[in-house]
Each structure stands twice: as C-alpha cells, then as structure tokens.
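Counting starts at 1 for both ligands and their atoms, following the listed order. Values reported hereafter were calculated over all heavy atoms of this structure, with side chains retained and with hydrogens, waters and symmetry mates removed. Computed from a predicted model, the values in this text were never measured in an experiment.
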Amino acid sequence: MDLPADLAASLEAATADLSLRELEASVDRLIARYRTPGRADRPILSGAVDAAAYAAYRMPATWGAVRAALSATATRLPGLAPQTLVDVGGGTGAAAWAAAAVFGATLKDVTVLDQVPEALDLGRRLARDAFSGALRHTDWRQVRFPAEIPAADLVTVSYVLSELAPEAQDALVRASAAAGETIAVIEPGTPDGYQRIMAARDVLTDMGLHIAAPCPHSRACPLLGTRDWCHFASRIHRTPLHRRLKGADLGHEDEKFAYVVATREPLAEAASARILRHPQIRKGLVMMQLCHPDSTVAQALVSKRQGDAYRAARDADWGGTWAPDAPSLDGGGLS
Ligand SMILES: C[S@@+](CC[C@H](N)C(=O)[O-])C[C@H]1O[C@@H](n2cnc3c(N)ncnc32)[C@H](O)[C@@H]1O
C-alpha cells in the first residue's frame, strides 16, 4: 500500500524545516518508549518535534493498519456508510486519514480528540490540503480522557490503549462504544497488543455489540489459552522521508497489528472464514490457517485438482476471507 499522495506530500512539507538530527533523536526516544508499553502518566509526545517525528516515523504504519482493518470491515459490512467519525486519541490523524481512504464516499464530518496540542496542530496542518473535504474540515479538539466522546457513526481507537492503565482502557472502550454505531480498536500485533484487543472485545460483547471483524463470530476467541495470537500485517511502501529517518534499506515496512471492530446492528452470520496466517504455497497445494464462523480454528488444504478454488487460494492473503465453497477474497493482508 502507498500512503495517499496528499498525505505523503504534506508530511514532507511539514517536516522540511526541521533538522533531521533532531527528528532522529526524537524517533529514537519514541521507539524506546513504545517498545515498553505501559501507562503514561505524562503525554509521550511532548512538543512539536515529537509530534513531527511521530507523524514521519509512525503515522504511515498506523495509517496502513487502520486502513486494512477498516477495509476488512467494509467487506464484512457492505452497507456500512459512516458520515461521522470520531477518532479517539487520534494524535496527528492517522485513523481519520484511513477512514477517509475507505469511506471517502460518505464521510462528511470528522472529529479528532487528543491531549497533545502539538499533535493536533500538526494534524490540522497535514489535513489542510487533503483531497477529502471531510479531512480538511476536521474538528481537532484537545481533550484528556476520561472525557465525553461525541456520538458518531464510526469511532476509532487506534494505538491508544497501551498508554492507559487496564481499568482506564476498559473505560475508554466502553465510552467509545457508547458513542459509536461501529467501533474499531487497533493495537500493535504483539502478544500484549492482542491481549488488550481481547479485553476490549470482552467489553464490547458485554455491552451487546456484535463483532464484525476480524472474527467471523462473536464467541470466545479460539486462540485464547494457546501460544498463538491473532494478528495481521499491512505492508506500506516507505516514502523518501521515512527512509531517511529510519536509515532503512528496504523500500517497505510490514506493520503487524491486532484489531477488533464491533457494531450495534445485529449481523447476519458470516459466510467466510478469516485467514490467520500467510497462506503456505507448496507444489500443487495451498495451506491456510482459518478461523471459522463456528469459532474453530483449522488448517485448510486446497489442491491443484480443485481448479478455481486452487487458483483463488494462490491469491489469498493473510487477513483476507475464505469461503471454502465459493472462494471470495478481500484484501485484508499484505498488499
Ligand atoms: C501512539 S499515539 C496514536 C495516535 C494515532 N491514533 C495513531 O494511530 O497514529 C497515542 C495517542 O493517544 C493519545 N492519548 C493517550 N492517552 C490519552 C489521554 N488520557 N487523553 C487523551 N489522549 C490520550 C496520545 O496523546 C497520543 O496522541
């Protein structure tokens, strides 16, 4: 996936006057902090350079993760047409940009809530020349949670929970779900990120919401209690700015993420399973680990003799869906 051209251009412009050295020092500090998730008593982003470093180094990856999660949601809920979005702990607006990429046809009204004024200021500047009118007119509001969350068709909580104490995480998910018709919670694709998503999922199902993605069911996660954890990956092509900052040789990065999307509207039972790993392609055989609508996890083997199904399985992606009888794929995985 490429970052939207308007976002890539505004990121370049917004960081052009800053010293690369200063940005790198800030990136190093942020990397170290985010490697040890835990409650932050003070905002982790402290000032304009931190906000710029975050936007240049993390925002493309979090944008890619949220975009992949929302694309999978749009596949599962083809009628979903949010007009209003509230991005909780939105920082520089990665999730708002991702929502505009997936729901640009309907999105009209965007509000980003965050405690760090410099992140909101930068988000406002980044969105000033966005192609999307909804992004250009975003309401950037300084708020420290716990606080009231305005009602919206879609509420995103992206890469926020790890900065809060466990009880504050539950409270934020509860308040976000109370405000939204559909709520998406996204976290890093680490074992502890998955645990936070499982806790958020419990809050959402306790509130009577229905799980839309990635799970094809609202029952308990079949991976709980195993050594495995549900996560996905989104491949982002690095911009020149990103490469300079990370001193990176590779032209892309793979962001691992875990997520849950739930909705107030009851859902028809899912017809497809979720692909939980990169499909393994062997000679004449594709192997896929699937989470099924009956909440079981099983390995599926599709052989060359299965013709169309085999051809579809060869194109299947981690994070996409697989209907054993009528293969239908969505682009939820690395692309
Ligand atoms: C890792 S950043 C994620 C930013 C953005 N959502 C993204 O996906 O790129 C976490 C954000 O949550 C915000 N945040 C954390 N705790 C908060 C609180 N108690 N009140 C308001 N914002 C908070 C931080 O200021 C920061 O901008």
Side-chain angles (χ1 to χ4, degrees), residues 3 7 11 26-27 29-70 85-101 110-124 126-127 135 138 140-150 154-176 179 183-190 192-193 196-197 200 234 236 242 253 255-259:
L3 212 54
L7 178 55
L11 275 173
S26 182
V27 163
R29 198 179 67 76
L30 294 178
I31 289 175
R33 178 58 181 85
Y34 288 129
R35 273 202 189 130
T36 47
R39 177 178 143 179
D41 292 323
R42 275 178 291 132
I44 294 175
L45 303 179
S46 67
V49 176
D50 272 3
Y54 182 86
Y57 140 78
R58 281 302 292 156
M59 192 177 172
T62 58
W63 173 84
V66 182
R67 186 186 159 151
L70 294 182
L85 166 75
V86 171
D87 185 16
V88 170
T92 53
W97 281 84
V110 178
T111 303
V112 176
L113 309 176
D114 202 280
Q115 63 186 342
V116 177
E118 292 86 353
L120 295 166
D121 280 350
L122 179 57
R124 185 181 295 110
L126 293 176
L135 282 177
T138 296
W140 302 88
R141 278 193 216 167
Q142 190 185 353
V143 161
R144 182 164 172 83
F145 307 120
E148 196 189 325
I149 297 174
L154 176 63
V155 175
T156 48
V157 187
S158 156
Y159 288 80
V160 179
L161 298 182
S162 75
E163 298 185 18
L164 306 175
E167 57 284 7
Q169 295 175 19
D170 282 5
L172 189 63
V173 172
R174 195 170 291 283
S176 301
I183 168 171
V185 185
I186 301 99
E187 283 288 301
T190 52
D192 64 284
R196 286 190 293 278
I197 290 295
S234 135
I236 301 293
H242 203 223
E253 70 173 329
E255 172 69 11
K256 306 265 171 60
F257 63 99
Y259 74 101

Identify which of I186, V143, V112, D50 has a heavy atom lying nearest to atom 21 (C) of ligand 1. V143
re atom 1 (C) of ligand 1, the protein heavy-atom contact at minimum distance is Y159 O, 3.2 Å
Does R141 have any side chain to side chain contact (heavy atoms under 4.5 Å, CB included) partners at least two apart in sequence or in another chain, and if so, which? T111, L113, D139, V143, P150
At under 4.0 Å between heavy atoms, is it the side chain or the backbone of D87 that contacts ligand 1, or both, or neither? neither
Y34 versus Y159: any side-chain heavy-atom pair under 4.5 Å? no
Which ligand 1 atoms, with their elements, are less than 4.0 angstrom from a heavy-atom of L164? 16 (N), 19 (N)
Contact check, side chains of Q115 and F145, non-hydrogen atoms, under 4.5 Å: no
Nearest heavy atom to atom 20 (N) of ligand 1 wins, so pick from F145, W97, Y54. F145
Distance to 0.1 Å, residue and atom name: give those for the protein heavy atom nearest to atom 5 (C) of ligand 1. G90 O, 3.4 Å
Where ligand 1 meets T62 - atom numbers and elements under 4.0 angstrom, heavy-atom basis: 7 (C), 8 (O), 9 (O)
Looking at ligand 1, does R144 have a heavy atom less than 4.0 Å from it? yes
Kindly give the heavy-atom pair with the smallest separation between A56 and L11, and that separation in Å. N-CD2, 4.3 Å
Taking non-hydrogen atoms only, is W63 closer than 4.0 angstrom to ligand 1 via side chain, backbone, both or neither? neither
Can you tell me if E163 contacts ligand 1 (heavy atom of the residue under 4.0 Å from the ligand)? yes
Under 3.5 Å donor-acceptor pairs involving side-chain atoms of residues 44-53, not counting sequence neighbours:
unit_1, atom_1, unit_2, atom_2, d
S46, OG, D50, OD2, 3.3
D50, OD1, S26, OG, 2.5
D50, OD1, R29, NH2, 3.4
D50, OD2, R29, NH2, 2.2
D50, OD2, S46, N, 2.9

Which atoms of ligand 1 have any heavy atom of G91 under 4.0 Å away? 27 (O)
Can you check whether A119 has an N/O within less than 3.5 Å of an N/O in ligand 1? no
May I ask which of V157, D114, I44 has a heavy atom nearer to atom 26 (C) of ligand 1 than the others do? D114
Ignoring hydrogens, what is the shortest heavy-atom contact between A69 and I186? Give both atom names and the distance. CB-CG1, 4.3 Å
Run the salt-bridge test on E255 and R58 with the 4.0 Å N-O cut-off and return the result as yes or no. yes
Any idea which part of Q115 is under 4.0 Å from ligand 1, heavy-atom wise: side chain, backbone, both or neither? both
Which of the numbered atoms in ligand 1 are under 4.0 angstrom from any heavy atom belonging to V116? 25 (O)
Which pair of heavy atoms, one from W63 and one from A94, lies closest together, and at what distance? CD1-O, 3.5 Å
Per-atom filter on ligand 1: closer than 4.0 angstrom to a heavy atom of Y34 are 1 (C)
So V88 and V155, do their side chains get closer than 4.5 Å, heavy atoms only? yes
D192/R196 ion pair, N-O < 4.0 Å: yes
Where is the tightest heavy-atom contact between Q169 and L161, given as atom of each residue plus distance? NE2-O, 3.1 Å
Under a 4.0 Å heavy-atom limit, does S158 contact ligand 1 with its side chain, its backbone, both, or neither? both
